[in-house]
Amino acid sequence: MSQPPDRNDAPNPLDPFGLWKQSQQAMLESWSKTMTEAVNTEAYAETTGRMLDAYLTAAAPLRKVIDQTMTQLLNQLSLPSRGEVISIAERMTNIELRLDDLDARLDGIHRDMERVVGAIAALSALTATPTSATGDGDAHNGAQARKRAPVSNRGPETKARKTTPAPRASTARARRKAE
Amino acid sequence: MAEPSRTPSAEISALEAQLRQIEGATRALQKALTTPFPIAQSPKEVVWTLNKARLYHYIPTTLPEKRRPVPLLLVFALMNRSSILDLRPGNSFVEYMVGKGYDVYLLDWGVPGLEDKNLAFDDYVLEYLPRAIRKLKAFSGAERFSLLGWCIGALISTMYAALRPDDGLSNLILLTAPLDFSNRQSCGFIRWVSEERFDVEKLLAVYGNMPGEMLDYGAKALKPVENYVTNYLRLWENLHDARVVESWRAMNTWVNDLVPVAGAAYRQLIVDLYRNNRLMNGTMTLRGELVDLGRIHARVLNLIATEDHIVPPEQTEGVMAEIGGDDKQLLKIPGGHIGMMAGSTAIKRAWPEIDAWLAPRSGRGQPQR
């Protein structure tokens with residue numbers, strides 16, 4: 001997190017503050033090196049390990065007593081204990097997992113529907129093209145195709161959008177397509 | 001008798017002025033220390049949530065034709081908050097990558113509560129991350145994606161890449177990834193958490209999760225003078241420089257935003273990885289599945305910070321030989337664990353390197369992996 005000192009700072013020998021700063025920098029660097037070496041020793045690891053262990057040994061029974069007392073107190077007040085709240089939170093996460101699966105399925109259905117719509121549109125275009133290209137002889141069919149094409153292009157997609165609330169994924173895809 | 005250069009009243013005035021200056025500086029220092037800086041400001045939207053986890057999508061700032069079709073998912077560590085990736089305007093990796101045309105997503109793990117004490121790497125790697133990726137694919141419409149993990153986020157990303165190699169992952173970027181613990185002398189952490197000195201079960205029995213304050217102390221204690229003395233001296237000396245103060249405050253806001261690590265995941269980190277080096281030994285299993293690094297066949301960029309004291313280079317280098325696939329690169333960047341991705345070194349070195357590696361692998365018509 002700390003930045004290394006800028007080594008391009010050349011001190012001015014006539015500047016007393018500069019010299020003081022230089023000596024301060026040197027002292028800090030030396031101190032830092034000593035301390036970094038100290039915390040990397042076996043002795044430091046041993047000492048901090050013992051201190052933490054002593055603290056945890058003292059804290060464990062105290063915490064147990066506090067937990068038991070609080071649970072009894074909350075029980076008498078007809079309030080849920082921490083354990084009960086935690087249990088509800090865990091159940092909620094399980095429900096969220098199932099909702100996430102449902103959401104993914106909806107995304108999948110939407111994707112499939114878009115593919116189907118695309119395929120239908122392509123098919124309509126395919127069937128419409130030869131009829132319009134054949135000239136006057138097929139004027140009747142061409143007119144029918146022209147009538148049909150917009151419907152088949154628009155229909156299922158519009159229906160889908162109306163009947164199924166569009167998830168954000170589809171909205172984003174639509175936005176991207178528009179862009 | 002020589003005349004004094006200044007009258008007593010002038011001396012008093014000068015002293016008063018100095019006192020006022022010190023008072024002003026102290027007030028500025030207090031403000032810098034206690035006022036949080038608004039970080040993580042890039043515009044974004046939440047596209048998925050599960051428990052405390054959130055998947056953010058950053059709003060594109062480039063024209064549609066200039067955007068890269070392969071989305072990039074950022075996965076941060078379980079310690080601290082992901083906001084370091086979007087620290088402040090002008091010093092934000094997210095802003096940089098969005099500006100380069102990437103479709104950027106960020107998976108934020110949130111703050112675990114006591115109800116999450118049983119969350120293990122099994123859950124993060126095989127439940128949360130795949131679900132977030134499933135949503136990313138549905139949202140973006142892309143089948144292929146890139147994954148960038150930092151620190152423990154890189155560990156999670158690596159295990160995911162090994163367990164789900166055919167899930168659409170094209171590019172894997174690892175930043176300061178703690179993966180190889182074979183060198184028992186590589187850093188203070190390994191000594192501190194050895195079996196004979198640290199009873200992880202006792203700690204988790206008291207707290208449930210590993211408290212953020214303890215993790216913070218551990219990280220800072222590795223370089224105590226820099227973190228507890230030099231850091232504040234640098235601020236004091238630069239109180240007149242608004243840019244330095246702003247930068248310091250932003251970093252300080254992030255550093256002090258502490259989060260606990262879910263108990264079960266912390267236990268695995270200490271026992272399976274730090275003590276038994278299971279990932280490199282090929283014995284790490286998640287939900288009964290063996291994590292085989294040889295199964296990774298995405299393209300890999302592994303970035304190491306040469307002066308990293310939290311994840312020393314030797315904890316990352318060795319993994320390159322184990323990773324399968326032929327497009328893999330190890331890159332050493334000067335700087336520390338955080339400095340590599342936030343600060344001047346990041347802007348000049350790490351970010352352009354990541355972009356230079358990822359850009360040709362994120363375009364249209366990329367070969368499928």
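In what follows, chains are A, B, ... by sequence order, proteins preceding strands, each numbered from 1. Below, each value reflects all heavy atoms present in this structure, side chains not excepted, and no hydrogens, waters or symmetry copies.
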Item to complete: Against chain B, work out which of A:Thr41, A:Thr93, A:Thr34 has the most heavy-atom pairs shorter than 4.5 Å and name it.
Response: A:Thr93
Worksheet entry | Proximity breakdown for B:Ala221 and chain A, heavy-atom pairs closer than 4.5 Å | both
Item to complete: Can you check whether anything in residues 81-88 of chain A gets within less than 4.5 Å of chain B, heavy-atom wise, and list it by number?
Response: A:Arg82, A:Ile86
Worksheet, complete the sentence: Under a 4.5 Å heavy-atom criterion, the part of residues 59-67 of chain A in contact with chain B comprises A:Ala59, A:Ala60, A:Arg63
Discussion item. I'd like to know if the side chain of B:Thr253 and the backbone of B:Phe37 have a donor-acceptor N/O pair within less than 3.5 Å.
Written reply: yes
Fill in: Residue part contacting chain A, namely of B:Glu196, when any heavy atom lies under 4.5 Å
neither
Worksheet item: Is a salt bridge present between B:Arg67 and B:Asp103, judged by a nitrogen-to-oxygen distance below 4.0 Å?
Response: no
Worksheet entry | Engaged part of B:Tyr228 at the chain A interface, taking heavy atoms whose separation is under 4.5 Å | neither
Discussion item. Using heavy-atom distances under 4.5 Å, tell me whether B:Ser194 contacts chain A through its side chain, its backbone, both, or neither.
Written reply: neither
Worksheet item: What do the steps show when you test A:Asp103 against B:Arg131 for salt bridge (Lys or Arg N to Asp or Glu O under 4.0 Å), and what is the final call?
Response: CA-CA 11 Å; A:Asp103 187 43; B:Arg131 284 170 183 274; over 6 Å; no
Item to complete: Sort out for me which residue in B:Asp241, B:Asn231, B:Asn238 forms a side chain to side chain donor-acceptor pair (under 3.5 Å) with B:Trp248.
Response: B:Asn231
Discussion item. Run the side chain to side chain contact (heavy atoms under 4.5 Å, CB included) test against A:Asn40 and tell me which residues pass, sequence neighbours left out.
Written reply: A:Thr36, B:Arg191
Discussion item. Looking at B:Asp308 and B:Gly336, would you say the former's side chain and the latter's main chain have a donor-acceptor pair under 3.5 Å?
Written reply: no
Worksheet entry | Closest non-hydrogen atom pair, B:Leu119 against B:Asn51 | CD1-ND2, 4.3 Å
Worksheet entry | Check against salt bridge (Lys or Arg N to Asp or Glu O under 4.0 Å), B:Arg134 and A:Asp101 | CA-CA 10 Å; B:Arg134 181 171 70 183; A:Asp101 284 335; 3.1 Å; yes
Worksheet item: Who are the side chain to side chain contact (heavy atoms under 4.5 Å, CB included) partners of B:Leu233, not counting sequence neighbours?
Response: A:Gln24, A:Leu28, B:Val229
Discussion item. Using heavy-atom distances under 4.5 Å, tell me whether B:Asn118 contacts chain A through its side chain, its backbone, both, or neither.
Written reply: side chain
Worksheet item: At a heavy-atom separation under 4.5 Å, does B:Tyr232 approach chain A through its side chain, its backbone, both, or neither?
Response: neither
Worksheet item: Take atom NZ in B:Lys44; do more than 12 heavy atoms of anything else shown fall under 6.0 Å from it?
Response: yes
Item to complete: Measure the spacing between NE2 of B:His57 and NZ of B:Lys135 and express it to the nearest 0.5 Å.
Response: 13.0 Å
Worksheet item: So A:Glu29 and A:Lys33, salt bridge (Lys or Arg N to Asp or Glu O under 4.0 Å) or not? Walk me through it.
Response: CA-CA 6 Å; A:Glu29 275 180 28; A:Lys33 200 175 164 217; over 6 Å; no
